[in-house]
Chemist: 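Quick one: structure below, then a few questions.
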Amino acid sequence: MIINHPLLGPRDAQEFVYLGDAALMNRPDGLTASLQEMHDYAYLRDNPAGLHRELWYHEQGDRSWLVVTRNTVTHEITAVELARDVARAQGRSK
Amino acid sequence: MTQTNRIAGGQIDRSQTLRFHFDGLPYSGHPGDTLASALLANGVRLMGRSFKYHRPRGPLSAGSEEPNALVQLRSGARQEPNTRATVAELFDGLTATSQNAWPSLKFDALAINDRFNTFFTAGFYYKTFMWPAAFWEKVYEPIIRRAAGLGALSTLEDPDCYDKGFLHCDLLVIGAGPAGLQAALTAGRSGARVILADEDFRMGGRLNAETFGIGDQTGADWAAATVAELATMPNVRLMARTTILAAMDHGIYSAVERVSDHLPEPLPNKPRQTLWRIYSRKAILTAGATERPIPFENNDRPGILLAGSLRAYANRWGVTVGDRVAVFTNNDDGLRTATDLQAKGVDVVAVIDTRPGGPLLPGIRHLQGAEVIDSAGRLGLQSITIRDAKGRVETIACTALGTTGGWNPNLNIASHHRSKPEWSDTLATFLPGAGGPANLTSAGAAAGLFSTHAALASGDETARAALETLGITAPAQTLPQAEDAPVAITPHWYVKGSARAWVDLQNDVTIKDIKLAHQENFAGVEHLKRYTTLGMATDQGKTGNTIGLAVMAELTGQSIPATGTTTYRPPYTPVSMGALAGRGRGQEFKPKRLTPSHKWAAEQGAIFVEVGYWLRTQWLPRPGETTWRESVDREVLQTRKSVGICDVTTLGKIDIQGTDAGAFLDRVYANTFSTLAVGKCRYGLMLREDGIVFDDGTTARMGPNEYVMTTTTANAVTVFRHLEFCRQCLWPDMDVQLISTTEAWAQYSVAGPNARKLLQKLVDQDISDAAFPYMGAGEITVQGTHARLFRISFSGELAYEIAVPTRYGDALIRALVTAGEEFDAVVYGTEALGVMRIEKGHVAGNELNGQSTALNMGLGKMVSRKKDAIGVALSAREGLTKDDGLRLVGVKPVDHSKAMQAGSHFLKTGAEPTAAHDDGWLTSMIYSPHMGHHIALGYLRNGTNRIGEKMRVVNLLNKTEVEVEIVSPHFIDPEGSRLRA
Amino acid sequence: MLEPLSPLGHAVPEATTIGPFTITERTDTALASLAIRYGRAADVTATAAAAGIPLPKPGRHEIQTLAAFWLAPDMWMIEAPFVPHEDIRAHLLTLFHDAASITEQTDAWVRLDLTAPDLPALMERLCNTDLRAAPVGFATRTVIDHLGCYLIKRSDRDITLYGPRSSAQTLHHALTVAALSLT
């Protein structure tokens, strides 16, 4: 596969490491969240046949974490964003 | 033998003669020949025995679709089984042998299988070799292997090398027939970057095998001229002998280039083959088409070929397969074989045309509405039996028969992404369907456009359209005149009433087998394939699959498109394991990472161990030491008695800077780092979000906003990845920056009572306990070179880790050894390191096993609940905090002469060795020279409260059982006074 | 005095010529990573501009008083002549103070310079970088024989590879084997 890196252009997916569902960015605050919330965050993921927002790490590149929107059936990639930008847009800060 | 069947013409170089051997007999051919064309020229039709029935076989085709003519090419270490003689390029000195025949090709003892064919029908394996399971390995498999084999591996190491590489292009053209050549020409003239790949050694495709012209040239001459023009274009890469194996995602194609297969052996340093990964923006499949036969009774004899192949041998190679030739056809293309051969002066005895009407061929006996119903000839065709339109049966003597049931587009690559081919009634074949590789379009015969004109036009149009989407405008082309005959075909899938009519010649699948599969309800195409083996093995059913489907469609009463096709999968043709391995063999299987002390250690005769890519010193034998234990025991004892030096460069080092660096560390470590004083270091425990321990290491605060983290050697990469995840995805506004410095520093542990004395000889600053206390960290200089010093200990002794820029690593190990001479200092390896950490009760890889919590390791108090850190919340889950959970303990044998085995399970004395009584397991076990007996660490249920208990450790696999006593995991200096000395 | 050793294990770095390809080990470059601290982009940009330190865009290498190539968002590798920049970190710290995180990287890498009329023919056997299409000044991370390397195109016939120092011999071997297969 080819991932169209927002900064570097098309790069072979071989250079990346896959993590999984981009929902892993939505980590609750460990001091205030209930055990159930932390459990759901750590363990519950959707596994859709179709569009999936997922985290890829450009380990053999610029070390950016990316949010890749990929169709898990056709492998078509429709969006690639820097995870840091996505995190900020979702209100994550420090 | 002479080339009795060589006739005029062909694209071979008759000025040179190549000598070769087949089954020990000498023959000759010419440059441009394949092994098959040369053997046929020499009158050799018999080239192999069939897979199951050991029936005599010759080539069916003249290309890569060949199911029959599989030979062992070369001998010795370069012996290559299952080579298709039809694509093996002839070279001087070539040797080949037939396979699957014993004692000889002409008399094969296992041809007896053919007499018992009723036992070997579809599903034979499943029915015969059902039970008992134990028989499979010992009885059934050896029988099957011997009887139904293909070629044999040499079992010697391949002496040749294979390369891998990467190519980029705007347009990849797959196949260099008329459509592909024109596509490449149109694209090449536009300036686009073009790769034209063709599996053949001579580009041109069918143009080389036909007699009709293009413009005022012959097709072959036009192909040669076009190739010559393309060769002058710097933006075009011509890749002959290159097969596109697969369409991967997003325009990536896999290809194998046979760089040296046409040579007796590769030139020095040259690869035999190169596996290419081709990145294409657009691709065009112009792979042509493959002909299919019409099965009839005994249609598998040597001398019975595809009609188009029969004429290819005549036109391209100047070879007639026999002196009397017949043609069996259901379409107009088959008639070309008769006219071409007759024009070459070959005796064409009959054309058996299944179609009842239409114009008759002039000057040839053209039987319309007729069929071939049988053949004769033990080791090669001698005659065929035909039935004419009126039902009259006649035997016609002939030594070659060309059969054609029509042509199938080579849509394999176009169907790679589970695209389903579409049926065309007009062409009686499948065409590329929708949903194939996104950047790929088919053109020419591969798209069902069979005339030369249509091929040229579609090649041009498809290339133009593809480039247009890339913003490249190709100049208008004037296409040369070419034949534009329509396809005239009346489907005739097989000759009715035949049973032993071969559909898949490679797997010996007959019409009868397909009927049996249907009868036993294996009627779905994927079931049909598995039950009969139709379409398996090296040719993947290129000539037989469509016929098999048509026969099954007839049996089920469904249409052919409703019956469907099996799934097309890579590779298109067989690929050698060597090409897939590339250079990654033996010592080159993976990279080596060498430590800064490697050169010195190698000079000392060190024994190295692979730790990931690293090579670390495992132990350093001294003269007279005969066992590894002697060396390791000495290294341990001398370190504890005086001082030892160990290269610890492999530990991961991560530079962490920024105003939030401390706060960041508080989030990623279970314990606190923001409160650590500058110039100090601390042991850190890193958890996964699920509360399991991820990694550990020492992190030093080098400045207010600057830390150096160490990780375990094994987790250096994954910890760094995790930190980047935390930094970018979880807390994007934290002011923290990361970079790995693992490679930048050569780091040595200096441990033992004399560590300080030794180091003080080299370090320019005062490192007394007062100036550089336990857990101190700081910048120093070593004989003027800037360096770092950390007072940390893994061994339990007074110890430091000293780091210098890696370029000085070699000099520093030599300086340390020299300075250590007065203390009898030793250099120790990973074994001694492991012994000392177990004696001290430190956890390492065996305990950090991805299942264990801080509590299990006896480090529960390190987990701070005053802050939010990864994994802290879930580490508090009930299941992970049980009082009777596993705890790290020390273990020693009651009888000190006994050893134990890591992995053994704890059992109470007298308890049955069952899972219900399992109390945990030994994680690490060594001989402790300090204690004078074996010791171990382990996770024991409720272990902290069981110190002093006597139990057993049992290993049911190795049937060992040892009585042990549970002790503290700290076998040495539990108070830590040595560390602080 | 500790005597330095080159990544390939030589006291004085060496060059190898294989057919048209010359592979030269270089130890005369000091390296440091420079990362902008949070909210300090303006300070870093201004300081860099004043000091003649380029901060090129992604995929680029630039030369001013010092040279630099892009590593990651807000992060560059600064290249300087080893003499007089042996302590490159100290030098950069005096310029950037606390506006940037600076880490010495000189010894983390082996620098191999390759020279030949047709380097793309060599590199296409080693990595997926499209060197033929890359402009001069192109800089990228790429993988050669499993090793993460930086590749800088200095001219049509000159490139620099920075590979992990501990694997210098593996990298050199891979280059040698590829060069031999083309000669």
Side-chain angles (χ1 to χ4, degrees), chain A residues 1-4 10-14 16-20 22-43 55-67 70-71 73-77 81-94, chain B residues 166 168 248-252 277 279-281 417-419 435-439 659-660 663-664 667 670 687-692 717-718 720-740 864-879:
Chain A
M1 291 197 297
I2 301 282
I3 293 174
N4 196 7
R11 305 289 297 211
D12 195 317
Q14 288 180 337
F16 293 78
V17 172
Y18 179 75
L19 181 63
L24 282 165
M25 296 170 70
N26 309 328
R27 183 180 183 274
D29 183 296
L31 278 184
T32 55
S34 68
L35 204 55
Q36 186 63 44
E37 282 175 288
M38 289 306 292
H39 169 275
D40 291 355
Y41 162 71
Y43 290 106
L55 287 161
W56 291 75
Y57 176 57
H58 200 194
E59 185 148 277
Q60 300 290 4
D62 73 339
R63 297 168 7 221
S64 282
W65 278 93
L66 303 179
V67 176
R70 183 177 66 106
N71 186 318
V73 178
T74 64
H75 294 186
E76 187 189 8
I77 292 172
E81 302 153 276
L82 289 174
R84 172 173 260 175
D85 294 346
V86 174
R88 283 177 178 149
Q90 290 175 356
R92 300 199 70 89
S93 178
K94 292 179 97 162
Chain B
F166 309 83
H168 304 259
M248 324 304 270
D249 285 306
H250 305 157
I252 302 175
R277 188 168 173 88
Y279 301 88
S280 70
R281 297 171 76 195
H417 293 177
R418 300 189 70 86
S419 158
N439 84 333
T659 53
D660 290 325
F664 179 74
R667 300 264 180 90
L687 307 183
R688 308 191 312 214
E689 193 66 270
D690 62 3
I692 301 295
V717 171
T718 46
F720 193 89
R721 185 188 303 155
H722 172 68
L723 297 185
E724 285 286 9
F725 171 77
C726 294
R727 188 178 83 95
Q728 297 177 37
C729 300
L730 300 184
W731 308 300
D733 290 337
M734 269 193 157
D735 180 27
V736 57
Q737 293 83 38
L738 311 170
I739 192 160
S740 167
S864 165
R865 305 200 185 278
K866 294 181 188 150
K867 61 186 179 74
D868 176 24
I870 302 279
V872 169
L874 290 179
S875 74
R877 281 179 292 170
E878 192 186 349

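Below, each value reflects all heavy atoms present in this structure, side chains not excepted, and no hydrogens, waters or symmetry copies. Throughout, protein chains are lettered first and strands after them, A, B, ... in sequence-line order, and every chain is numbered starting at 1.
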Chemist: Any heavy-atom pair between the side chains of Leu82(A) and Gln728(B) that's under 4.5 Å?
Modeler: no
Chemist: Should Tyr57(A) and His722(B) count as side-chain neighbours, where that means a heavy-atom distance under 4.5 Å?
Modeler: no
Chemist: If you apply the rule side-chain contact (heavy atoms from CB on, under 4.5 Å), what do you find for Gln14(A) with Ile252(B), and how did you get there?
Modeler: CA-CA 12 Å; Gln14(A) 288 180 337; Ile252(B) 302 175; over 6 Å; no
Chemist: So which heavy atom on Asp868(B) is nearest to which on Pro28(A), and how close?
Modeler: OD2-O, 4.4 Å
Chemist: Could you check which of Glu689(B), Arg727(B), His417(B), Arg877(B) has the highest count of heavy-atom pairs closer than 4.5 Å to chain A?
Modeler: Glu689(B)
Chemist: So does His250(B) get a backbone contact from the side chain of His75(A), meaning a donor-acceptor N/O pair under 3.5 Å?
Modeler: no
Chemist: Between Ala663(B) and chain A, which part of the residue has a heavy atom less than 4.5 Å away: side chain, backbone, both or neither?
Modeler: neither
Chemist: Checking the side chain of Arg63(A) only, and the main-chain atoms of Leu738(B) only, is there a donor and an acceptor separated by less than 3.5 Å?
Modeler: yes
Chemist: Could you give the distance from CE (Met38(A)) to CG (Asp690(B)), rounded to the nearest 0.5 Å?
Modeler: 10.5 Å
Chemist: What part of Arg667(B) gets within 4.5 angstrom of chain A, counting heavy atoms only: side chain, backbone, both, or neither?
Modeler: side chain
Chemist: Starting at CG of Leu31(A), measure out to CZ of Arg865(B) and round the result to the nearest 0.5 Å.
Modeler: 11.0 Å
Chemist: If you measure from CZ on Arg11(A) to OH on Tyr279(B), what distance do you get to the nearest 0.5 Å?
Modeler: 9.5 Å
Chemist: Do Arg721(B) and Trp65(A) come close enough that some side-chain heavy atom pair is under 4.5 Å?
Modeler: yes
Chemist: How long is the span from the CG atom in Leu35(A) to the CD atom in Glu878(B), to the nearest 0.5 Å?
Modeler: 10.0 Å
Chemist: Considering residues, nucleotides and ligands other than Met248(B), do more than 12 of their heavy atoms fall under 6.0 Å from its CE?
Modeler: no
Chemist: Name the region of Thr74(A), side chain, backbone, both or neither, that has any atom closer than 4.5 Å to a heavy atom of chain B.
Modeler: backbone
Chemist: Could you tell me which non-hydrogen atom of Leu24(A) sits nearest to which non-hydrogen atom of Phe725(B), and how far apart they are?
Modeler: O-CZ, 3.6 Å
Chemist: Could you give the distance from CD (Glu724(B)) to CG (Asp62(A)), rounded to the nearest 0.5 Å?
Modeler: 9.0 Å
Chemist: Heavy-atom pairs under 4.5 Å with chain A are the metric here; pick the option from Val872(B), Val736(B), Ile870(B) that has the most.
Modeler: Ile870(B)
Chemist: Determine the option with the most heavy-atom pairs under 4.5 angstrom with chain A, choosing from Lys867(B), Lys866(B), Arg688(B), Arg418(B).
Modeler: Lys867(B)
Chemist: Could you measure the distance from the CG atom of Asp249(B) to the CG atom of Asp12(A)? Nearest 0.5 Å is fine.
Modeler: 10.5 Å
Chemist: Contact part of Val86(A) toward chain B, heavy-atom cut-off under 4.5 Å: side chain, backbone, both or neither?
Modeler: neither
Chemist: How would you list, in number order, the residues of residues 87-94 of chain A that have a heavy atom less than 4.5 Å from chain B?
Modeler: Ala87(A), Arg88(A), Arg92(A), Ser93(A), Lys94(A)
Chemist: Counting heavy-atom pairs under 4.5 Å with chain B, which one of Ala83(A), Ala42(A), Ala13(A), Gly30(A) comes out on top?
Modeler: Gly30(A)
